[in-house]
Participant: 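First, the structure itself, so that you have it in front of you.
Throughout, residue positions are numbered sequentially from 1 according to the sequence presented.
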Amino acid sequence: MTELDVRALQQRLAAFAAARDWEQYHTPKNLAAALSVEASELVEIFQWLTPEQSARVMERPETAHRVADEVADVLAYLLQFCEVLGIDALAALSEKIDRNEARFPVSEHSAPPESGDRHSSE
């Protein structure tokens, strides 16, 4: 896999939208909604698969292509969302991992969460 620069991808996406006069539609609300729709389309691929089938989804070229396309759509809208709001996605992710590592130390990883704890992605 080629290492790509997040900023360069954001610039390509912005140029693509600008060339089509789509910036007017790229508000935080619209981009968040589009991101949700694309994530739902990714979920749809897996909707009725067993856990075993879902683990093998990339073995079938036609399904692998659909999954990769939906992942690209999700990432594209996420990068555009971050661009519009001035969020450094990689820095935000790094900071979130730091908080989760402090919140869920390795020594407690097998213990059930306390009633006040919620999923680490929150």
Participant: Can you find a heavy atom in the side chain of Ile45 that is under 4.5 Å from one in the side chain of Thr63?
Facilitator: yes

Participant: Contact between Val37 and Tyr77 at the side-chain level, heavy atoms closer than 4.5 Å - yes or no?
Facilitator: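 A side-chain contact is absent here, since even the closest heavy-atom pair is not under 4.5 Å.
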
Participant: Has the side chain of Gln53 got a donor or acceptor atom that lies under 3.5 Å from a matching backbone atom of Thr50?
Facilitator: yes

Participant: Which atoms form the tightest heavy-atom contact between His26 and Leu31, and what is the distance?
Facilitator: O-CD1, 3.7 Å

Participant: Are Val74 and Val84 connected, step by step, through hydrophobic side chains (Ile, Leu, Val, Met, Phe, Trp, Tyr) whose heavy atoms are closer than 4.5 Å?
Facilitator: yes

Participant: For the side chain of Gln10 and the backbone of Leu79, is there at least one donor-acceptor N/O pair under 3.5 Å apart?
Facilitator: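 Yes; judged by distance alone, with no hydrogens or angles, the pair exists.
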
Participant: Compare every heavy atom of Asn30 with every heavy atom of Tyr25, then report the nearest pair and how far apart it is.
Facilitator: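 Where Tyr25 meets Asn30 most closely, the heavy atoms are O-ND2, 2.9 Å.
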
Participant: Once you round to the nearest 0.5 Å, how far does CZ of Arg60 lie from NE2 of His65?
Facilitator: 13.5 Å

Participant: Mind checking the CD-CG spacing from Glu38 to Leu35? Nearest 0.5 Å is all I need.
Facilitator: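 The CD atom of Glu38 sits 8.5 Å away from the CG atom of Leu35.
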
Participant: Linking I/L/V/M/F/W/Y whenever any side-chain heavy atoms sit under 4.5 Å apart, do Phe81 and Leu90 land together?
Facilitator: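 They do not share one cluster, since no chain of ILVMFWY contacts under 4.5 Å joins Phe81 to Leu90.
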
Participant: For Ser36, does its backbone N or O pair with a side-chain atom of Ser40 as donor and acceptor, under 3.5 Å?
Facilitator: yes

Participant: Counting distance only, does the side-chain N/O of Ser54 pair as donor-acceptor with the main-chain N or O of Pro51 below 3.5 Å?
Facilitator: yes

Participant: I'd like to know whether Asp98 forms a side-chain contact (heavy atoms from CB on, under 4.5 Å) with Glu101, so could you lay out the CA-CA distance, the side-chain angles of the two residues, the decisive distance to 0.1 Å, and finally the verdict.
Facilitator: CA-CA 5 Å; Asp98 290 344; Glu101 287 173 340; 4.0 Å; yes

Participant: Consider only side-chain heavy atoms of I, L, V, M, F, W and Y, link residues closer than 4.5 Å, and tell whether Leu49 and Leu42 are in one cluster.
Facilitator: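 Per the 4.5 Å side-chain linkage, Leu49 and Leu42 are co-clustered.
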
Participant: Side chains of Glu83 and Arg7, heavy atoms from C-beta outward: is any pair under 4.5 Å?
Facilitator: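 SC-SC contact between Glu83 and Arg7 confirmed.
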
Participant: Closest approach of Arg56 and Glu52, non-hydrogen atoms and distance?
Facilitator: NH1-O, 3.2 Å

Participant: Give the minimum heavy-atom separation between Ile87 and Ala92, together with the two atoms involved.
Facilitator: CG2-CB, 4.2 Å

Participant: Just checking, Arg20 and Phe16: is the charged tip under 6.0 Å from the six-membered ring centre and within 45° of the axis?
Facilitator: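 Judged by the rule, Arg20 and Phe16 form a cation-pi pair.
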
Participant: Quick one: do Glu70 and Asp73 satisfy side-chain contact (heavy atoms from CB on, under 4.5 Å)? Show the steps, please.
Facilitator: CA-CA 5 Å; Glu70 294 307 335; Asp73 288 342; 3.5 Å; yes

Participant: For Leu13 versus Ala76, what's the shortest heavy-atom pair and its separation?
Facilitator: CD1-O, 3.7 Å

